[in-house]
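Residue numbers count from 1 along this sequence.
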Amino acid sequence: MWSNLILLHSNDPISNPLDDSRLEVWQTCQRSIAFGDHRLFPIMESERFYKGYEVFHGYEAYRFLLEVVSGLRSKLFGESEIQAQFRDRFREEKVTDSNFALSLLRLRDQILEHTKQIRSKYLTGIGRQTYGSVADSYLQKHKSITLLGTGKLANSILPYLVSKDKEVRLIGRNQTRMAELQKEFPITTYHWEDYKPGTEAIVIASSFLPFNWESMIKTSSLILDFRETAISESNDKNYIPLSKILSDLQETDEQIQSVKMDLQFFLTELTREREEEQIHIMNGWEDLLV
């Protein structure tokens, strides 16, 4: 059904954004993915890169997207936040009113259905599968938490913090977003200019760092840094960068490697099913040009 699908992928979504009316773009903190149809956005199958983006065609594109949404290509293997981000991006009110967009909604439903199968069959019980659960594992002895950021990562961490009756302060720049989160969770919010960190634990879930690094790392009881690239390396035992977090998760690596082997066969089978559908629908996205 997806023989004409074009998928463009970049791990650097900020520096090289795509702006083309023929594409639907989905951005996360780790990647940018653009969707198109070969008949409207023609790229030769031999082309593997476009403006710095990897190019995936047809069922290869479908498989790649399935791996992304299932968390199989995330730094935290099997993490589930990416599935919610995909679902939210392609809600009906967030796509353009076109035949192409309607096809994307069908693609969304099929990817989410297959993601559900993958998660229930292979990913149940595989380590700590959310950034919130990872944060919780480091913060069990800390009752006072300052969370930097108001984006999707912060939103995924918050439920784990408030469920343990911790005193949570949310620091950000977007006043509207902070007000929304304060209605949803029992937290205190501060604009970054109005707050100074103390001895509490700090969770960095934003690329923007409003406080003086040196003073923050000296006073805080713990700094949990989820940024992919930290501003400064530190040997302080109270500072835990993302690289250390991922290293600590290697305890489940042997189990994960076994699951990855089984998943390759399952992904191949799911993709083959989509290809067999093409026998009955020769034109792929059959209603695209109606």
> Minimum heavy-atom separation for Y239 to D225, with atom names?
Replying inline: OH-OD2, 2.8 Å

>> Looking at Q27, is its backbone amide N or carbonyl O close enough to the side chain of S32 to form a donor-acceptor pair, meaning the two atoms are under 3.5 Å apart?
In response: no

>> Taking side chain to side chain donor-acceptor pair (under 3.5 Å) as the definition, give me every residue that meets it alongside S74, ordered by chain and number, with sequence neighbours left out.
In response: E79

> Sequence neighbours excluded, which residues qualify as ring-ring contact (aromatic ring centres under 6.0 Å, His included) partners of F49?
Replying inline: none

> Would Y160 and I157 show up in the same hydrophobic cluster when neighbours are defined by side-chain heavy atoms closer than 4.5 Å?
Replying inline: no

>> I'd like to check the side chain to side chain contact (heavy atoms under 4.5 Å, CB included) partners of A61; sequence neighbours left out, ordered by chain and number.
In response: L5, L7, F56

> So which pairs with a foot in residues 188-197 pass salt bridge (Lys or Arg N to Asp or Glu O under 4.0 Å), sequence neighbours left out?
Replying inline: none

>> Quick check: Y53 with H9 (ring centres under 6.0 Å apart)?
In response: no

> What pairs of residues pass the salt bridge (Lys or Arg N to Asp or Glu O under 4.0 Å) test when at least one of them lies in residues 56-67, not counting sequence neighbours?
Replying inline: R48-E60, R63-E67, E67-R73

>> Let's go through H114 and Y62 carefully: what are the C-alpha distance in whole Å and the side-chain angles of both, what is the deciding distance for side-chain hydrogen bond (donor to acceptor under 3.5 Å, both in side chains) to 0.1 Å, and is it a yes or a no?
In response: CA-CA 11 Å; H114 283 164; Y62 184 89; 2.7 Å; yes

Side-chain atoms of residues 172-179: list all donor-acceptor pairs with protein atoms under 3.5 Å, sequence neighbours left out, distances to 0.1 Å.
unit_1: N174; atom_1: OD1; unit_2: T176; atom_2: N; d: 3.1
unit_1: N174; atom_1: OD1; unit_2: R177; atom_2: N; d: 2.9
unit_1: R177; atom_1: NE; unit_2: T150; atom_2: O; d: 3.1
unit_1: R177; atom_1: NH1; unit_2: E180; atom_2: OE1; d: 3.2

> Salt bridge between E24 and R108, side-chain N to carboxylate O under 4.0 Å?
Replying inline: no

>> S144: which residues meet the side chain to side chain contact (heavy atoms under 4.5 Å, CB included) condition with it, sequence neighbours left out?
In response: E167, R169, E200

> Can you name the ring-ring contact (aromatic ring centres under 6.0 Å, His included) partners of H38, sequence neighbours left out?
Replying inline: none

> Taking only residues two or more places apart in sequence or in another chain, which ones pass ring-ring contact (aromatic ring centres under 6.0 Å, His included) with Y190?
Replying inline: Y195

> Mind checking what makes ring-ring contact (aromatic ring centres under 6.0 Å, His included) contact with F86, not counting sequence neighbours?
Replying inline: W26, F90

> Quick one: salt bridge (charged side-chain N to carboxylate O under 4.0 Å, His left out) partners of D109, sequence neighbours excluded?
Replying inline: none

> Of all residues at least two apart in sequence or in a different chain, which pass the side chain to side chain contact (heavy atoms under 4.5 Å, CB included) check with D20?
Replying inline: R22, L23, F41

>> Any non-hydrogen side-chain atom of F35 less than 4.5 Å from a side-chain atom of L107?
In response: yes

